[in-house]
Amino acid sequence: MSIGGDQGGSIRVPAAWTGIVGLKPTHGLVPYTGVVPIETTIDHTGPMARTVTDCAILLEVFFNCFCD
């Protein structure tokens, strides 16, 4: 499991090339805190993992940590 920044495919394209799952969440769902912003209107932070279930778990952890 890992987290990536996606402005133009930086989560989804490498995931597709390596056979893992990459998810670009809805804008603002996962805060960009601690990540160097490139353009705030297109910056997204999302999970990368081996399976869809693992991505869902990681996304839930991010959401619960930043929204509670």
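- Atom SG in C55 sits 13.0 Å away from atom CD in E60 (nearest 0.5 Å).
- What you find for A49 and I20 is that their closest heavy atoms are O-CB, 3.2 Å.
- Scanning both residues, G22 and A15, for their nearest heavy atoms gives N-CB, 3.5 Å.
- Between G46 and P25, the closest heavy-atom pair is CA-CD, 3.7 Å.
- Residues meeting the side chain to side chain donor-acceptor pair (under 3.5 Å) test with T51, sequence neighbours left out: D54.
- Note: the hydrophobic cluster containing L23 also contains I3 (ILVMFWY, side chain heavy atoms under 4.5 Å, direct or indirect links).
- Within the structure, every pair that satisfies the ring pair (Phe, Tyr, Trp, His ring centres under 6.0 Å) test and touches residues 37-61, not counting sequence neighbours, is listed here: H27-H44.
- Nearest heavy-atom pair across I11 and G4 is CD1-O, 3.3 Å.
- Sorted by first and then second residue, the ring pair (Phe, Tyr, Trp, His ring centres under 6.0 Å) pairs with a member in residues 3-24 form an empty list; sequence neighbours excluded.
- Following chains of ILVMFWY side-chain contacts shorter than 4.5 Å, one cannot reach V21 starting from M1, and the two form parts of different hydrophobic clusters.
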